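Chain letters run A, B, ... following the sequence lines, proteins first and then strands; every chain starts at 1. Bear in mind that the values here come from a model prediction, so they are computed numbers and not experimental data.
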2 protein chains.
Amino acid sequence: MQATTKSPPAGTMPARPRKERSENAARRRGQLIAATTKSIVENGLARTTLATVSAASGLSQGVAVFYFANKEKLFAEVLRHHYELYERLWVSALAQAGDDPVRQLAALIRADFDPAACNQEALIVWYAFWGEAKARPRYAEISDIHDSRHSDAIRAACARLLIEVGRSQEEADALGAGIEALTDGLWHRIYLSHGTMSAREGLRLAARFVANIFPERGERLSAEILGTAQEA
Amino acid sequence: MQATTKSPPAGTMPARPRKERSENAARRRGQLIAATTKSIVENGLARTTLATVSAASGLSQGVAVFYFANKEKLFAEVLRHHYELYERLWVSALAQAGDDPVRQLAALIRADFDPAACNQEALIVWYAFWGEAKARPRYAEISDIHDSRHSDAIRAACARLLIEVGRSQEEADALGAGIEALTDGLWHRIYLSHGTMSAREGLRLAARFVANIFPERGERLSAEILGTAQEA
DNA sequence: AAAATTTATTTGAGCACTCAAAGAAATAGC
DNA sequence: GCTATTTCTTTGAGTGCTCAAATAAATTTT
């Protein structure tokens, strides 16, 4: 460390405006979460250390501890961050779908294969954490909270859709579970296949299967999922 | 260690027969794989060390290295072991199903929810390794080999079944992918739900969905999956 | 200058793996 | 049949390294 020019020439220009402080913290946290994600994708969770995060962020190891207290909490925030991106996606898709349960269900399924949620990076993060979830209550809890909200949304849409055609709540729950299983399983294949299966193909398969399952609304649902439905 | 009776009473019966030596190696390997599995279930993969394996096996740390060269190779053998148990299960189920593609497909689906394959212990091991698979080519390779054999079996059964009723190979492949996604997704739910969902319920859901998907053979397939088909 | 933030260094625990030696079983020599 | 020799197993303290976390130092902001 050599002498750096001490004080700026007294003038104005505080290259850093007002709310600098609090904004800075949020920025740093985001930066560290992104760097941790990058390291998990490149090295796996087990080989992601404060050193790899520090290298990916360009910051020192101390910063991560300063903003997240310890490595475990940083990791938990990474998981939460990815779930929140996903949740924002499907919640807003659902909101835009309006009142029609067919469109609602289609929106939820489409969201699952939106490249913003269903991409290698996100899948690697999810699987990395799921793999350790049974040994880390903190990870399991975060997954639970978000998964159950998504479950509820799917089941609610299924219930409205099926009750319209005179089926029971029990059938709606089973159907919801099946749709979730189908999308989870397609994620699994997208994750493990080395780029062989894309999110786009996942969506097509999902549409195809779901169409078979809802005889009464299958065609319309499938069209809505694929985005080929004509506007009303 | 106190005095143990030195030589056996000269008679026949050498409490340890001939191949003692080579059998010993197989026994030890099995013992170490079981101990590693136990530690992964209890501590997670990341916190499974040679020390936890040694504690679980009652052997010294050195033995694990002696029989498996290093920790990574021991872990790889654990993954392989679980895949082999699973593969033996579905291969023999398939063999017993005879020539009827409906029974073959049912047998494959039933095997996926057989408690011998689909239990918390096995799921924890699988998810632990899948979580690291993208960062460890060795794990990815083992998964690939076994997954693709299973895929092929499912697709073959689907093809025979669908071609019987005049559908195309393309449809059979899509259907196979869908069935696999469904079972993978149900595994996912069984794994992450804290015992809320059992293998038995998974099987019921799978039967229900698959029945909807094969209009021509759905009823029979469903009955075969649930084991409620009457004998011919 | 006082407080807040960032960077750099130190520390001590825990890790995989080594290795020399001991123990046990199989084989050979008498 | 008995002992000596060799081969195979097992042990566990030891080695060097990596890591998370703590601490200290420097820098910036107010």
Show me the donor-acceptor pairs, under 3.5 Å and distance only, between side chains in residues 121-129 of chain B and residues at least two apart or in other chains.
unit_1    : atom_1 : unit_2    : atom_2 : d
Tyr127(B) : OH     : His188(B) : ND1    : 3.2

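- Listed by first and then second residue, the salt bridge (charged side-chain N to carboxylate O under 4.0 Å, His left out) pairs that reach into residues 51-63 of chain A come to none, sequence neighbours excluded.
- Regarding Arg29(B), its CZ atom lies at a distance of 15 Å from the C1' atom of dT10(D), rounded to whole Å.
- Remark: nothing in residues 38-55 of chain B comes within less than 4.0 Å of DNA chain D through any heavy atom.
- Atom CZ in Arg27(B) sits about 11 Å away from atom P in dA25(C), given to the nearest Å.
- We find that Arg149(B) and Asp152(B) are not joined by a salt bridge, their nearest charged nitrogen and carboxylate oxygen being 4.0 Å or further apart.
- Checked against side-chain contact (heavy atoms from CB on, under 4.5 Å), Arg200(B) has the following partners two or more places apart in sequence or in another chain: Ser198(B), Arg204(B).
- Distance, Leu59(B) CG to dT9(D) P: 14 Å, rounded to whole Å.
- Only Val63(B), Phe66(B), Tyr67(B), listed by number, bring a heavy atom of residues 63-74 of chain B to less than 4.0 angstrom from any atom of DNA chain D.
- Each side chain to side chain donor-acceptor pair (under 3.5 Å) pair with one or both residues in residues 50-63 of chain A, not counting sequence neighbours, appears once here: Ser39(A)-Thr52(A).
- Annotation: salt bridge (charged side-chain N to carboxylate O under 4.0 Å, His left out) contacts involving residues 68-79 of chain A, sequence neighbours excluded, comprise Glu72(A)-Arg136(A), Glu77(A)-Arg80(A).
- The side-chain hydrogen bond (donor to acceptor under 3.5 Å, both in side chains) check on Asp147(B) picks up Tyr83(B), with sequence neighbours excluded.
- In this entry the distance linking CG of Leu32(A) with P of dT7(C) reads 10 Å, nearest Å.
- The stretch residues 185-195 of chain B participates, sequence neighbours left out, in these salt bridge (charged side-chain N to carboxylate O under 4.0 Å, His left out) pairs: Glu180(A)-Arg189(B).
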